[in-house]
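Here's the structure we're looking at; comments come further down.
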Amino acid sequence: MLLQQPGQIGNLRLKNRIVMAPMGTNYSTTDGLSTQRDCEYYAERARGGVAMIMTEAMIVTETARSHHNSLCCYHDRFIPGLARLVQGIKDHGSHVFGQINHRGALLRRAVLNMEPVGPSDWINPNTGDAVRALRVPEIHELQGLFVAAARRLWLAGYDGVEIHAGNGYLFQQFFTERVNQRTDQYGGTLQNRMRMLLETIDRVKQALPDLCLVVRLSASEFVEGGYTQDEIIALAQAVEQAGADAIDLSGGSNESPQLSKYCIQPPSFARGCLAPVAKPIKEAVKVPVFVAGRIVTPADAEAVLASGSADFVSVGRALYADPHWALKAFGDVKAPIRECIACNVCFERLTLEKDVSCVQNPMLGTEFEALEFAEPQLFAPPQTPRKRVLVLGAGVAGIEAARIARGRGHDVEIWEKAQRVGGQIHLAVAAPDKTEVQPVWDYRWSQLMEMKVPVKCGVDADAAMIKAFKPDFVVVATGSVPREAPIDTSALASDIAVMHAWDVFAAPERIAPGTSVTVIGGGMVGVEVADVLRLTGCDIQVLEMQATAANGMARNNKFELLERIAAAGVRVITQCRIESLSERHLTVKIGQTASTQLPVGQVLIFANGPRSNIDVVTAIEQVGIPYARVGDCHAPGDFLSAIRDGWMVGLGIDQQPFSGRTV
């Protein structure tokens, strides 16, 4: 297995070829100090077997904060906390590097009122903020700040430092002619556009000759007018000659969702998608090369290494989803990997200034993602009384609760009212590119089957049945049902079919190719219905009351989806309020315009969200058994909230009292 072979970066020997990519967390204090949460998060991934951890981007000056709660290293006061963090990683046998960065023109005034600066006066297309061109003395000052930050990381015990010169940040802004319009020694020719980065590398190497240095570059900008392959190869060779010990390749630019998707890829992107553009760069240099880009499974990593595109794989979101990815890959932990599904909820939360979390691993950044709690079936059960647990509902939330409870040693049985298990997972994977969601189910279901948890379908539980089962605790995971239509449809012509979005996901063939369709509700579900129907050439309009569509989706995924359906001719009408409905028309008010009529077409589809299904709760309360509602039957939400509920309620059964089995 190539992934398991040792490797070398500078004078450091790495135990395998897995590098944890630098990813934000927002787990620090608002002052940028490391916390116990930071330490536990990174230590768990070191415990999980990666050879090297690249901690999240740290800013080199307090005038360039990227997030409210991101780690910082612009002052010596950060050294003690970082030293604790580093020691926690090294205690588990991993090397640790720290990424240092300046976002330049991508700084946001909306976040701590940071002033965007760059090579030239510019307007950030994502924020609309005006960008001020740096003066030459300011460039030299910034170079010195990178040296000072690298020194602090060295004093904190870091094995090395990565200078972030990719993903659209300051050094890349200087390198690309799209942004750099300077006419002095830092603009114009290729050599001049490389100058700021190369001088910075030289200053770091002069000040810290024993420090191992990695430089991150974007292998391509993936945009018209971006730098060429020859130019990025020339930069990589110049970086190597300047003294870099390795090159870390990502892609794209975070200046907009349209370009950021090449850095933080949605599920439509192929696994190992950056390997082909990285390979020419790898072949042009002699130092080791890392490559990122949708490396989800060990097989993906093996393929990248075998292709000759990289010496090491830079694994990012997959380690949010499962900190023990490496040990599971090597067979040292006998449990399936929780695969990243590329939903990009992690990235969206950071953008919204929340702490990072993960749909597959909602306990990310807490003590409960430790192996003992995440994979309890691998350990002896705790010394607490074993309880008899009944789970009502075999959707994702229910089987997660059952998985954890059974792993903790409790007797568990699942009853499902439908004739098949899965709950809404069958709907969730119906839209294009959504097969990537399937591992949410597969990971949990495979463990239930391994633990031989009884699952009975077609069971409509009532009070008598629950009483006869004699449970100590009931987990109610009965999900949700479609909400009633928000408008009266009785005036519609009888030949117009009325459906809910779930009906379409369950059986899209019910709508003939070329049918004219109106979808009421342009949230994530509504636009995904449109995405399904565009494949059969339907004429589709989506009506959304809010100012933007597909709210609730991570922006990289959202913009790609909206662009895709727009290219297929789908009309998404926002700020659209329905006033009335007649036989074949909807009277609507769009924004501040006068009321107008829109044809309904042949099919009217409602995508107006579900409501909790709590019908069985009355029966449980009649019996008097303690219970907890999880997932949609608690509050309609997403898989993150469903899995979080199931996981933690499953753990909490240890603390539940016995019901008294004489009922």
Side-chain angles (χ1 to χ4, degrees), residues 19-28 32 34 38 53-75 78 82 85 96-108 111-112 114-119 124 126 131 134 138-139 141-154 156 158 160-176 179 196-201 203-204 211 213-218 235 239 244 246-255 259-260 263-264 290 292 314 316 347 350-351 356:
V19 173
M20 177 179 166
M23 300 177 291
T25 62
N26 270 346
Y27 292 161
S28 78
S34 176
D38 283 313
I53 286 177
M54 190 79 70
T55 57
E56 63 203 74
M58 288 180 271
I59 50 104
V60 300
T61 169
E62 61 185 329
T63 63
R65 292 287 300 272
S66 51
H67 292 289
H68 285 288
N69 293 81
S70 55
L71 284 174
C72 297
C73 63
Y74 60 81
H75 190 277
F78 299 111
L82 292 173
L85 185 152
V96 55
F97 279 51
Q99 187 186 78
I100 50 178
N101 186 29
H102 192 297
R103 290 193 171 203
L106 304 194
L107 289 168
R108 294 178 289 164
V111 179
L112 301 173
M114 296 293 107
E115 181 191 23
V117 295
N124 182 327
N126 195 33
V131 179
L134 287 165
E138 291 177 302
I139 292 172
E141 180 185 2
L142 278 174
Q143 291 171 331
L145 292 173
F146 272 88
V147 175
R151 169 189 159 274
R152 293 184 191 103
L153 297 185
W154 179 248
Y158 278 82
V161 165
E162 176 173 87
I163 295 175
H164 198 343
N167 299 139
Y169 298 130
L170 184 63
F171 290 112
Q172 183 170 321
Q173 292 158 23
F174 270 81
F175 182 60
T176 179
V179 180
M196 183 184 182
L197 174 59
L198 298 181
E199 287 179 350
T200 304
I201 294 171
R203 290 183 65 172
V204 171
L211 180 70
L213 181 65
V214 178
V215 176
R216 170 165 268 203
L217 304 173
S218 282
L235 178 60
V239 162
I247 294 171
D248 181 6
L249 294 176
S250 181
S253 167
N254 282 323
E255 67 196 63
L259 297 182
S260 179
C263 168
I264 304 163
F290 311 167
S314 184
F347 174 59
L350 291 171
T351 304
V356 75

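- If you take CE on Met23 and CD1 on Ile53, they are separated by 9.0 Å, rounding to the nearest 0.5 Å.
- Annotation: the span from Ile264 atom CD1 to Thr351 atom OG1 amounts to 7.0 Å, rounded to 0.5 Å.
- Met58 has its side chain within reach of Leu153: a pair of non-hydrogen atoms, C-beta onward, lies under 4.5 Å apart.
- Here the side chains of Asp38 and Glu56 are in contact, with some heavy-atom distance below 4.5 Å.
- When all heavy atoms of Gly168 and Leu106 are compared, the pair lying nearest together is O-CD1, 3.5 Å.
- Between Gln99 and Ala57, the shortest heavy-atom contact is OE1-CB, 3.0 Å.
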Inset, instruction - Apply side-chain contact (heavy atoms from CB on, under 4.5 Å) to His102 and Val117, showing your working. - result: CA-CA 10 Å; His102 192 297; Val117 295; 3.8 Å; yes
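- Pairing each heavy atom of Gln172 with each of Ser253, the nearest pair is NE2-CB, 4.1 Å.
- Counting only heavy atoms from C-beta outward, the side chains of Glu162 and Asp248 approach each other to under 4.5 Å.
- To the nearest 0.5 Å, atoms CG (Asn101) and OH (Tyr169) are separated by 6.5 Å.
- Residues Arg103 and Glu255 form no side-chain contact, since every pair of their non-hydrogen atoms from C-beta on lies 4.5 Å or further apart.
- You'll find the side chain of Thr55 reaches within 4.5 Å of the side chain of Tyr158, heavy atoms only.
- Residue Ser314 comes nearest to Phe290 through the heavy atom pair CB-CB, 4.3 Å, listed as atom of the first residue, atom of the second, then distance.
- To the nearest 0.5 Å, atoms CZ (Arg203) and CG (Leu145) are separated by 9.0 Å.
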Inset, instruction - Go through Leu71 and Ser34 one step at a time and tell me if the side-chain contact (heavy atoms from CB on, under 4.5 Å) criterion holds. - result: CA-CA 6 Å; Leu71 284 174; Ser34 176; 3.8 Å; yes
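- Separation of atoms CG (Leu197) and CD (Gln143) is listed at 9.5 Å; rounding is to 0.5 Å.
- Checking side-chain atoms of His67 against main-chain N and O of Asn69 turns up no donor-acceptor pair under 3.5 Å.
- Among all heavy-atom pairs drawn from Pro22 and Arg216, the shortest one is CD-NH2, 4.0 Å.
- Considering only heavy atoms from C-beta on, Ile59 comes within 4.5 Å of Tyr74 through its side chain.
- In this structure, the side chain of His68 does not engage the main chain of Ser70 through any donor-acceptor pair within 3.5 Å.
- Distance alone, capped at 3.5 Å, places no donor-acceptor pair between the Gln173 side chain and the Pro119 backbone.
- Checked by atom type and distance alone, the side chain of Ser218 pairs as donor or acceptor with a backbone atom of Gly252 at under 3.5 Å.
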Legend entry - Derivation of the side-chain contact (heavy atoms from CB on, under 4.5 Å) call for Val239 and Leu198: CA-CA 7 Å; Val239 162; Leu198 298 181; 4.2 Å; yes
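- Of the options Asn167, Leu235, Ile163, a side chain to side chain contact (heavy atoms under 4.5 Å, CB included) to Leu217 is made by Leu235 and by none of the others.
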Legend entry - Residue pair Phe171, Phe175: steps toward the ring pair (Phe, Tyr, Trp, His ring centres under 6.0 Å) verdict: CA-CA 6 Å; Phe171 290 112; Phe175 182 60; over 10 Å; no
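- Under the rule for a ring pair (Phe, Tyr, Trp, His ring centres under 6.0 Å), Phe174 has no partner lying at least two apart in sequence or in another chain.
- In this structure, Leu170 and Leu142 have side chains that are in contact, with non-hydrogen atoms separated by less than 4.5 Å.
- No side-chain heavy atom of Asn126 sits under 4.5 Å from any side-chain heavy atom of Asn254.
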